[in-house]
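Below you'll find the structure, written out as structure tokens, and then a few comments.
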Amino acid sequence: MTAPQTSPPQAPAQAPTPVRSAQRRALTSTDVLTAVLVLVLLARPLLSRVADGAAVRTWATVFVAICVQALPFLVLGVLLSAAIAVFVPAAFFARALPRSPAAAVPVAGIAGAVLPGCECSSVPVARGLMARGVAPPAALAFLLSAPAINPVVLVATSVAFPGRPEVVLARFLASLGTAVVVGWVWARFGRSEWFADRRGPDLSGVGRWEAFRISMRHDFVHAGGFLVVGGITAAMLNVVVPRSILDAVGSSEWLSVLALGALAVVLAICSEADAFVAASLTQFSLTARLAFMVVGPTVDVKLVALQSGTFGRRFVVRFAPLTFVVAIAGSLLAGGWLL
Amino acid sequence: MNRDTESLLLLLLGGAALRICADDTFLRYVKGWTRPYLLLAGAVLVVLALLSLWREHTTPRPGRSRRLRDGPPRPATGPAPGPACEAAAEVDPALALPESGGAERSESHADHGGPRVAWLLLLPVFAIFLVAPPALGSYAAARGSNTIAQPAESEFAPLPAGDPVTTTLSDYATRAIWDQGRSLAGRRVRLVGFVTPRPGGGLYVSRIVITCCAADARPVKIAVTGDTPSLAADTWIEVVGTYGGTDSSAGKSAQVPVINADSVRSVRSPSEPYES
């Protein structure tokens, strides 16, 4: 939001009539919220009639499911991010990570293994790391590797592909490789002005716990809206895109790797569940299914929405395509070698 | 968006998470094991929201004027915060009147007012409280193809004792496709699922399999042959019958197991609609 202009003494043209009187308080967003709540409650019968069609109902179920499923991870993410911002001294990361970005990237990528969350938590955490002075390439490597190579995801993968430990290994290597390569490319070509200037909340003059509370609410409100955007999109694509188009590409290896990569972007499945979906796509080669699991945690519609809200649109139009290409290449390499 | 609105949104969202966990509603969207995490997340949001409302209405911060105002109507879901509802709530810049000191006050918050997109947080809240979308059913089952992953062991344990023996649809389909139905032969099997109309007449008994949430749904459909009554889509049924081979008319990658039904009757929907 932009800082307000100093208004002339007359009420601005767009001010609605109720606030004309200087004695009365201005209309706040809380009033708007109250009005919206009352209106929606009144319109409730209409709403349930709209939600009557099978496709709309399926969309609504998938949408709510994505939001509900992401909620604990987003809360975990903003908790960690606020904790990093408030309780971890800035000097800690300077000491923990190598000075040069080229060396810090792989260290941060491997550090991703310790955050047992999915992609929704890693976005706010990466932002918190950058705010604490971690170089963007290293924070981005962490952002990409954390949802893909943490123990929960690797165990889920081994359960989904029983008796095939090479799939777990290929996923680990391809995901870590993608994170590190993207980090290095960013260290070489990335520009700081691509990041939207999103200052955190003003924490001067407040106690630690108060600062923790303020940053947590700030981060959640900022990320939450974009998560909903991602949920709307993913649910829509989930319902609209017919699965039968997948059968058409199953025969060509190259095409099927790209198709399953694209499917991962479209479906926006949580990284802890994607291995089970990949396992059920039996008509495709293992390499194509590996691409599904490597692309999914790093680029998908929900994540792109979340990233553009956190880092800005100029960032995401460069970062997401770069990640997609590197992830596909990484899957082809790891798949060709191990599977 | 001012701080009060941000806090109220968090309160509504946290309340929605707690609401669906209060009964079995959450099972329509996610797996049962997510309940403690959802409860925790909901509780964190509610506490954060109430704490914020309380702190910001009782602790004056420097540079902010305090004024009493009539308590605005609060949504019924949240308790009214402290008695003095002061206008710490910053004024929306576009609507600010210069007289009210709005310029100075909103300037101090302008950099951390919530973004407009945060209003979308109301959507899941409305969807949960007002619509409460049902569990995925025949529409989703009809769209997806029946793909059954290869199981860990190539040896199939015999079905447990019982006549008829109750199995999950996934187990039945896995045995049908990866064991060529050998471990199903000669047994009467009971399956519970919902009706999905079969193209060209007849019906499937079907179930949706999810791992985390309804976004990763995969259908399992079993064609029911024999004397089947005509039932509406999404009716929950119990089918008792014997293994009837597979139908690969939809292509090799989408083989559909068949059950020769002795009896089909409608039953109540289970509390956990999905298989895992």
Side-chain angles (χ1 to χ4, degrees), chain A residues 1 3-4 6-7 9 11 14-15 19 22 25-31 33-34 37 40 44 47-48 51 54 57-58 60-62 64-69 71-72 75 162-163 199 201-202 213 216-218 221-222 224-226 228-229 238 243 247 269-270 272-273 276-277 279-280 282-283, chain B residues 1-2 4-6 8 17 29-30 37-38 41 44 48 51-52 69 73 75 87 89 91-100 102-103 106-107 110-115 117-118 120-121 123-124 126-128 130-131 133-134 136 139-140 144-145 147 149 152 211-216 218 253:
Chain A
M1 292 202 168
T6 317
S7 318
Q14 67 266 45
V19 290
R25 67 193 184 83
L27 190 65
T28 68
S29 55
T30 314
D31 305 333
L33 174 67
T34 315
L37 290 177
V40 169
R44 184 176 176 173
L47 216 77
S48 30
R57 249 181 313 166
T58 304
T61 305
V62 175
V64 172
I66 291 174
C67 295
V68 166
Q69 131 104 345
L71 189 71
V75 169
R199 275 170 296 163
D202 173 22
R213 173 182 75 69
M216 218 185 129
R217 184 183 58 181
H218 172 272
V221 169
H222 276 74
F226 288 97
V228 174
V229 173
N238 203 314
R243 298 294 159 81
D247 298 329
I269 297 168
C270 183
E272 281 155 21
F276 295 93
V277 177
S280 76
T282 44
Q283 69 268 46
Chain B
M1 180 177 293
N2 66 38
D4 280 355
T5 312
E6 288 183 24
L8 289 172
Y29 314 116
V30 288
Y37 304 102
L38 261 177
V44 166
L48 182 65
L51 201 66
S52 297
R69 70 173 187 204
V91 177
D92 242 0
L95 306 173
L97 275 185
E99 181 278 333
S100 66
S106 37
E107 188 145 26
D111 53 337
H112 47 255
V117 70
L120 288 177
L121 286 172
L123 269 186
F126 290 155
I128 284 172
L130 304 179
V131 181
L136 293 179
Y139 181 82
S145 62
T147 47
T211 307
C212 276
C213 81
D216 60 62
R218 310 179 295 288
S253 66

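Protein chains get the first letters and strands the later ones, always in sequence-line order, with residue 1 at the start of each.
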When Ala127(B), Ala140(B), Pro134(B) are compared by non-hydrogen pairs under 4.5 Å with chain A, the top option: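 Among Ala127(B), Ala140(B), Pro134(B), the one with the most close pairs to chain A is Pro134(B).
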Name the option with the most non-hydrogen atom pairs under 4.5 Å to chain A; the candidates are Ala149(B), Cys213(B), Ala17(B). Cys213(B)
Give the member of Val40(A), Val228(A), Thr61(A) that has the highest number of heavy-atom pairs under 4.5 Å with chain B.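 Sorted descending by pairs with chain B, the first entry is Thr61(A).
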Under a 4.5 Å heavy-atom cutoff, which of Ile66(A), Thr58(A), Val229(A), Val62(A) has the most pairs with chain B? Thr58(A)
Which pair of heavy atoms, one from Ala41(B) and one from Pro72(A), lies closest together, and at what distance?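 The pair with the smallest heavy-atom distance is CB-CA, 3.7 Å.
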Side chain to side chain contact (heavy atoms under 4.5 Å, CB included) between Leu8(B) and Thr30(A), intermediate numbers included: CA-CA 8 Å; Leu8(B) 289 172; Thr30(A) 314; 3.7 Å; yes
Heavy-atom distance under 4.5 Å to chain A: side chain of Phe126(B), backbone, both or neither?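 Looking at Phe126(B), just its side chain touches chain A.
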Run the side chain to side chain contact (heavy atoms under 4.5 Å, CB included) test on Leu38(B) and Val30(B) for me, step by step, so that the C-alpha distance in whole Å, both residues' side-chain angles and the decisive distance to 0.1 Å come before the verdict. CA-CA 10 Å; Leu38(B) 261 177; Val30(B) 288; 4.1 Å; yes
Would you confirm whether Asp216(B), through its side chain, and Ile269(A), through its main-chain N or O, come within 3.5 Å as a donor-acceptor pair? no
Could you please spell out the steps behind the side chain to side chain contact (heavy atoms under 4.5 Å, CB included) verdict for Val131(B) and Arg57(A)? CA-CA 9 Å; Val131(B) 181; Arg57(A) 249 181 313 166; over 6 Å; no
